[in-house]
Structures are given as structure tokens and as C-alpha cells.
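Remarks on the structure that follows.
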Amino acid sequence: MGIFLTASGNDSAERSCILLFAKALAKASAMGGLMVVLGCQAQPQVFRDTRVLMGTYVEVVSDNRDAARIVFDEIKRVEGLLSKYDPQSEVSQFNEFGRLSAGPDLYHLLTKAKEYWFATDGAFDITVGPAMDLWGFTTKDFRRPSDAEIADVLKLIGTNKIIFHPSNNVVEFNVPGMEIDLGSIGKGYAVDCAVKALRRAGISNCLINAGGQVYGLGTKAGKPWRVAIKDPRGGEVKNSFDISDQSAATSGDYEQYFVEGDKRFSHIIDPRTGSPADSGVISATVIAADGLTADFLATSLVVLGKRKGMELLKRFPDSRAQFIEQ
Ligand code: ADP
Ligand code: MG
């Protein structure tokens with residue numbers, strides 16, 4: 001996901017501006033999405049750091065030197081719970097055994113995911129894992145499955161097939177072979193956890209960009225954080241907006257996809273068909289009060305398309321969205 005980091009606060013301000021701009025541009029033009037625009041004018045000291053976590057670049061900008069460490073530690077903790085690629089994570093254990101006594105983070109996330117499944121009439125569904133595997137998105141060995149294979153996989157999909165035991169936080173799959181995949185909300189949740197940790201530490205200004213999942217805590221030297229949307233098919237900026245104590249997330253068909261013939265197959269699956277979403281929306285950007293809501297809505301809007309997506313947004317009054325259609 002693209003990000004412009006052009007903040008400065010030292011002697012080599014102008015040089016670092018240009019360098020970062022060039023680096024960010026190379027990345028942004030390859031991937032499209034959200035950028036954070038920080039401006040190059042003189043300003044109080046800004047601390048910046050980047051780490052690869054949850055399979056993406058996590059960038060932190062703050063006027064507090066401890067912010068980045070706090071953010072990275074917290075995101076690492078959440079990654080340890082949710083990663084599909086770590087066999088010890090709670091998500092992997094649940095997928096392997098079909099039953100788990102979930103910790104408070106995962107239990108909370110699963111409860112929210114069920115709520116979102118109902119709110120979207122099944123368009124948002126964390127049990128799309130088997131369809132992701134079938135189309136080759138998990139291994140990057142992309143293929144177009146047969147109708148029979150898709151029909152088989154659809155039997156394993158449905159968040160309503162997860163059984164919840166609230167008395168002891170045990171969750172289990174109703175159908176053997178089901179899998180959960182929290183790729184659509186994991187980063188949004190991790191960012192929210194990081195923001196809580198920052199607040200606990202008394203830090204009130206910080207920008208976090210976890211691969212296009214952005215949270216702007218407080219302000220940048222008294223002004224809201226500025227985020228820009230890039231054209232997913234081109235390089236230019238489409239629009240920009242300001243956030244303060246808000247999150248922005250973008251989802252689109254340009255993050256992971258393969259092309260066959262003249263058709264593009266993306267990593268966002270329509271759980272009702274078991275195939276990549278084909279709603280006409282190629283990118284949706286959502287601003288919401290928290291990262292989890294923004295992340296869930298952005299994914300859902302790509303599946304639902306603009307008309308049904310606008311209906312869904314009415315149920316989340318603190319949220320607004322921008323759609324880019326084909
Ligand atoms: P990004 O990967 O850019 O953060 P998203 O937040 O839209 O993008 O998440 C996409 C991921 O969500 C996919 O890689 C997959 O793991 C999962 N996913 C795909 N389709 C759905 C869906 N309909 N509902 C919920 N999760 C989905
Ligand atoms: Mg999402």
C-alpha cells in the first residue's frame with residue numbers, strides 16, 4: 001500500500017523529503033491505495049520508524065520517541081494470535097483442531113465477525129479460507145477451479161457454522177474442514193490495540209499505517225493527519241481527507257490478484273459464490289472511528305458493490321466511504 005512520508009524536523013529536511021517521496025512513490029505506484037501526506041515544512045521533531053509485521057510495512061510517525069516501540073510490540077502480540085502462517089497462533093490451532101478455548105482477543109474478534117456477517121447478509125465472512133486456498137491465494141499458485149470444486153468448498157463457508165460457547169469462550173466448527181481467515185480485519189484490530197496501548201502510555205499524537213490500514217491519533221503539530229487515496233489503476237492522487245482520532249482503510253482488487261484472459265481475479269472472495277468478488281467496485285476506502293470497523297467495511301463494500309454498500313454504511317453512522325468503480 002502506498003504511503004508518502006515527507007515529514008521533517010532536522011537539518012537534512014529537504015533531502016530526506018525528496019528521498020522518502022521517491023521511495024514512497026515507487027511503492028505507491030506499484031500498489032495503489034492510501035497515502036499519508038505529512039508535508040515538508042519545518043515542524044517540531046518527528047520520530048519515524050518502519051517494521052514488517054502482519055505481512056506488511058507498519059509505519060509509525062509521532063512526536064513521541066517511544067510511540068513506534070509501543071505500536072510494534074502490540075501489533076506483534078496480535079500477529080502472534082491471528083497469523084495463519086504461525087502454527088502456534090490461536091487461529092492456526094482453531095483451524096487445525098476445529099475447536100478452541102479462545103483468548104479474549106480472538107473471542108472478541110469472532111463475536112464481531114459474526115455480527116458483521118449478519119449485517120452484510122453473509123458478504124463479509126471470515127470462513128472464506130477454503131475458497132482462498134482453492135483459488136491459490138494462500139500459496140500464490142493461482143488457478144481457476146471447476147464449478148464442482150467451488151460447490152464443495154461452499155459447504156465449508158458460513159460464519160453461522162461457528163458455534164460459540166460464551167460460558168467458557170470455547171468456539172468450534174460445525175462442519176469439519178472449515179477454516180477461519182482474519183486477513184480482512186486483523187490489521188484493523190491490531191491498529192486499535194496499538195492505539196489503546198499508546199493512550200495508556202499517555203501518548204496523544206501518532207500516525208500508524210499498517211499496509212493501508214491507517215489510524216491518526218490526535219494531530220500532527222495541531223493539524224489533522226492528511227490521507228490521500230490513489231487511483232488503483234493509475235499513479236495519481238484521486239482525493240485526500242483529514243483524520244483525527246479516526247481510522248481509514250482501503251480494500252481493493254489490486255493488492256493480490258491474478259489475471260486470466262481479460263479478467264482480473266482478486267483476493268476478496270464473494271462468499272455467496274465462492275469466487276472472487278465481481279461487484280464493479282475495484283476499491284473502497286472507509287473512514288471510521290476505529291480500525292476494526294473501517295477494515296471490515298472496506299472489505300465488505302468491495303463484495304457488496306456501491307448500491308448495497310451505501311445501504312450498509314447507513315448502519316454505521318460514524319463511517320463514510322469513497323468507492324472507485326471499474
Ligand atoms: P488487505 O489484504 O489489503 O488488508 P482486506 O482488508 O480487504 O485487504 O482483506 C482481504 C483479506 O480478507 C483476504 O486476503 C482474505 O484473507 C480475507 N477475505 C477475502 N474475502 C473476504 C470476505 N468476503 N469476507 C471476509 N474476509 C475476506
Ligand atoms: Mg478489510
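In each ligand, atom 1 is the first atom listed, and ligand 1 is the first ligand listed.
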What atoms of ligand 1 come closer than 4.0 angstrom to any heavy atom of [X]?
| X | result |
| --- | --- |
| D125 | 22 (C), 24 (N), 25 (C), 26 (N) |
| D295 | 6 (O) |
| I268 | 7 (O), 19 (C), 20 (N) |
| V128 | 18 (N), 19 (C), 20 (N), 21 (C), 27 (C) |
| V303 | 23 (N) |

Self-check item: Aromatic ring proximity F296/F316, centre distance under 6.0 Å
Solution: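 Yes, ring centres under 6.0 Å apart.
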Quiz item: Can we call the ring centroids of F94 and F173 under 6.0 Å apart?
Solution: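 Centroid separation for F94 and F173: below 6.0 Å.
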Quiz prompt | Backbone or side-chain N or O of I269 under 3.5 Å from ligand 1 N or O | solution =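 Right, the criterion is met.
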Quiz item: Purely on distance, is any nitrogen or oxygen of T250 under 3.5 Å from one on ligand 1?
Solution: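 No, since none of the N or O atoms of T250 sits under 3.5 Å from an N or O of ligand 1.
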Quiz item: Strictly under 4.0 Å, does any heavy atom of A131 approach an atom of ligand 1?
Solution: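 No heavy atom of A131 comes that close to ligand 1.
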Quiz item: Any heavy atom of P271 sitting closer than 4.0 Å to ligand 1?
Solution: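 It does; at least one heavy atom falls under 4.0 Å.
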Quiz item: Under 6.0 Å from the CG atom of N168, do we count more than 12 heavy atoms belonging to anything else shown?
Solution: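 Yes - once you tally the heavy atoms of other residues, nucleotides and ligands closer than 6.0 Å, there are more than 12.
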Exercise. Taking atom CZ of R272 as the centre, report whether more than 12 heavy atoms of other residues, nucleotides or ligands fall under 6.0 Å from it.
Key: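 Counting other residues, nucleotides and ligands, CZ of R272 exceeds 12 neighbours.
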Quiz prompt | Region of M132 that comes within reach of ligand 1 [heavy atoms, distance under 4.0 Å] | solution =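 Near ligand 1, M132 shows its side chain, while the N, CA, C and O stay back.
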Self-check item: Number of protein N/O/S atoms that sit closer than 2.8 Å to the Mg ion (ligand 2)
Solution: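 That number is 4, waters not included.
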Self-check item: Any side-chain donor near an acceptor of the partner, T127 and E179, under 3.5 Å
Solution: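 Absent: no donor and acceptor within the cut-off.
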Self-check item: E149 side chain vs S146 backbone, donor-acceptor pair below 3.5 Å
Solution: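 Flag set: sc E149 to bb S146 pair under 3.5 Å.
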Quiz prompt | Any donor-acceptor N/O pair, S89 side chain to L82 backbone, under 3.5 Å | solution =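 Checked: no pair found.
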Quiz item: Would F265 and W135 satisfy ring-ring contact (aromatic ring centres under 6.0 Å, His included), going step by step from the backbone distance to the final call?
Solution: CA-CA 9 Å; F265 297 95; W135 284 83; 5.5 Å; yes
Quiz item: Can you pull the side-chain hydrogen bond (donor to acceptor under 3.5 Å, both in side chains) pairs that have at least one residue in residues 286-302, sequence neighbours excluded?
Solution: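 For residues 286-302: S251-T299, D290-T293.
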Quiz prompt | Residue list, salt bridge (charged side-chain N to carboxylate O under 4.0 Å, His left out) with D242, at least two apart or on another chain | solution =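 Per chain and number, D242 pairs via salt bridge (charged side-chain N to carboxylate O under 4.0 Å, His left out) with R226.
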Quiz item: Counting heavy atoms only, which of G188, A294, A210, G183 comes nearest to atom 11 (C) of ligand 1?
Solution: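 Nearest heavy atom to atom 11 (C) of ligand 1 lies in G183.
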Quiz prompt | side chain to side chain contact (heavy atoms under 4.5 Å, CB included) involving Q246 - partner list, sequence neighbours excluded | solution =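 Applying side chain to side chain contact (heavy atoms under 4.5 Å, CB included) to Q246 gives I243, I287.
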